[in-house]
Amino acid sequence: MLKEIIFYGRGGQGGVTAANILVSAVLREGLYGQGFPFFGAERRGAPVMAFSRISDKPILRHGMFYDCDVLVVLDPKLVSLGLTKRIEVRDRGVVVVNAPDNMVLEKKAFTLKGSAKFYRVNATKIALKKKLVIAGWPVVNTSMLGAFARATGLVSINSVAEAIKEYFHGPIGETNAEAAVEAYKQTCETEVC
Amino acid sequence: MGKVVPITGNYAVAYAAKMARVQVVAAYPITPQTSIVEKLAEFIESGELDAVMIRVESEHSALAATFGAALAGARAFTATSSHGLLYMHEWVHWTSRARVPVVMAIVTRTIGTPWNIWPDHGDFMDQRDTGWILGFGMDNQEVFDLTVQAFKISEDPRVYLPVMIGLEGFILGHTTMPVELPDQKELDDWLGPRRQGYVIDGREPLAIGNLAWPEDTEEMFMDIQKAMEEAKQVIKEVDESYGKLTGRRYGGLIQCVGCSNAKYIAIAMGAWAGDLIEAVQKLRDEGYPVGVARIRFVRPFPTEDLWKIINGVKGVIVFDRAISFGAWGQIYTDLVAGLAQYTRNLPVISDIVAGIGGVNVTHTDFYKLVKNFVDIVEKGEQPPVFTWYHKR
């Protein structure tokens, strides 16, 4: 089993942190993981990718990829602008979107190799409720890890919460872990038209 | 059993330097190396590492200060990349010729111009003639292991040469992977106290860098060549004793995967060797008798070890992530020169230069290239000796 995951968000939104926390989470379950940023320099606010690999065996391969088994979208604007089309979702793939409650997800915003399951969660709302805001930005990366756990079943929400608490330490870790658990509960499979 | 932590390749280097209990770090920031010395600065600030951080104004001074500290008896460490490494080049030679044990991590990055921050092996391979021992990791665990081993190798009285440990920027440097950290006490016992050939600390009159007659100079350099030969054995011993400590043995100067029954050998160094191994495993499943010899040390060059596995095979394909303009990839050049000592009937050897400037080369490329090579040789045809594999 080797799964390749792309976190697609904005520079500064915490996609790389999410990719790294995911490694820590899967290690707790005896799996192997890799997490890394887009190679090179990126700007705050620009659309950026972060990458993860999860496997039950040591991971030999390295490097970036632009087709994936799981696509996690941190910023809904990337979907409405059609930027998500840049990434190919493999057959039997999973797409997890941070989507406002009233947002209609359309298939044409994605490049699908075959069948895909879509999941949605309003991570922005959860972040605002938890007062997880830095420099005016709702912090959605930890919520989206909870959503990832629910949508894929590749890692348990407990491991995600533990990894978040270890990464951030103290009360801020607790709050982020709570956000992940709440997102886990609220994530649901969704129709796309 | 140690503790497994998810850390980047750069942090793996920093943890290794900390656990080797370095006493002096002198460094200047450069992408993609910076997070190594940032982490070491954090360790020093928090009191986890009892060391002095010398903030210098350039890489030339970084290695000069590291050298000076090492000369005075301290376990000293620095790290750099690309242009930083080029800027300190005078001190790179000076340190090895003075036979002072030092460890330096090279987070590889393409040499400009054009300006480029992505990894190839050009900066690292440029150091082959410096008299440093040159080791290169494949993943974060090996980068950690190699860095602590580097101190042991460098401070062995049979060697007393500085060691560079290479890892690609971003591909390893900024990628988080699980790394098992050994128990500190066990590592202390294994590594032992600092050793070096001589110390200049003012207690005894001693000078280096004076004028030496040509014959004296030549003899000192002949000793470096002898030490490089000795280092081959030392590297294997260190790999073995570290294996006893941690359960991880890599095989010494090279690591072989599926070489024993192979009719073809693919050779590479660094992180992309992992992609190569994955591709070759797939080819073996399809009946292609290919093995991988992964270069872990380019200096001393593992001629004997490579000959042992190449003797009798039909073909060898070498992947170089650097080029000596006007010649070939450096691993290819060293390999052919080394094998020529043993036989006048070399197998078919092809050199593929790729991944230059940070071009993303992965398991799918290796699968295609190795398969194509074997198919050509099996047809009785001659594959090109040199190919620059360019992707656009």
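Lettering of chains follows the sequences in order, A, B, ..., and the numbering in each one begins at 1. What's counted below: heavy atoms across the whole structure, side chains too, no hydrogens, waters or symmetry copies.
Heavy atoms of B/Leu172 lying under 4.5 Å from chain A belong exclusively to its side chain. For chain A, the nearby part of B/His363 is the side chain; its heavy atoms alone come within less than 4.5 Å. Residue B/Gln281 touches chain A through its side chain alone, counting heavy-atom pairs closer than 4.5 Å. Heavy-atom distances place both the backbone and the side chain of B/Ile171 under 4.5 Å from chain A.
Salt-bridge formation is not detected for the pair B/Asp275/A/Arg61: no Lys NZ or Arg NE/NH1/NH2 atom is positioned less than 4.0 Å from an Asp or Glu carboxylate oxygen. A salt bridge links B/Arg296 with B/Glu142: at least one charged nitrogen is closer than 4.0 Å to a carboxylate oxygen. Ion pair A/Arg10/A/Asp75 flagged as a salt bridge, since at least one NZ, NE, NH1 or NH2 atom sits closer than 4.0 Å to an Asp/Glu carboxylate oxygen. Using a 4.0 Å cut-off between charged nitrogen and carboxylate oxygen, B/Arg109 and B/Glu168 do not count as a salt-bridge pair.
Heavy-atom pairs under 4.5 Å with chain B peak, among A/Val26, A/Asn20, A/Ile59, at A/Asn20. Of the listed residues (A/Pro58, A/Pro37, A/Ala19), the one with the most heavy-atom contacts under 4.5 Å to chain B is A/Pro37. Ranking A/Phe65, A/Phe39, A/Tyr32, A/Phe36 against chain B, the residue ahead of the rest is A/Phe39, based on heavy-atom pairs under 4.5 Å. Of the listed residues (A/Gly63, A/Gly40, A/Ser52), the greatest number of heavy-atom pairs within a distance under 4.5 Å of chain B belongs to A/Gly40. The most heavy-atom pairs under 4.5 Å with chain B, out of A/Leu27, A/Val16, A/Leu60, come from A/Leu60.
In this structure, B/Phe373 and B/Tyr264 have perpendicular ring planes: the angle between them is above 60°, well past the 30° mark.
Side-chain contact between A/Asp67 and A/Lys113 is absent, with no heavy-atom pair separated by less than 4.5 Å.
Listed in order of number, the residues of residues 147-184 of chain A that approach chain B to under 4.5 Å between heavy atoms amount to none.
Remark: A/Glu189 engages no residue in a salt bridge (charged side-chain N to carboxylate O under 4.0 Å, His left out) (not counting sequence neighbours).
Taking the centre and axis of the six-membered ring of B/Tyr367, the NZ or CZ atom of B/Lys282 falls inside the cone set by 45° and 6.0 Å.
In this structure, CG in B/Leu40 is found 10.5 Å from OH in B/Tyr15, a value given to the nearest 0.5 Å.
Atom CG of A/Leu2 has more than 12 neighbouring heavy atoms from other residues, nucleotides or ligands inside a 6.0 Å radius.
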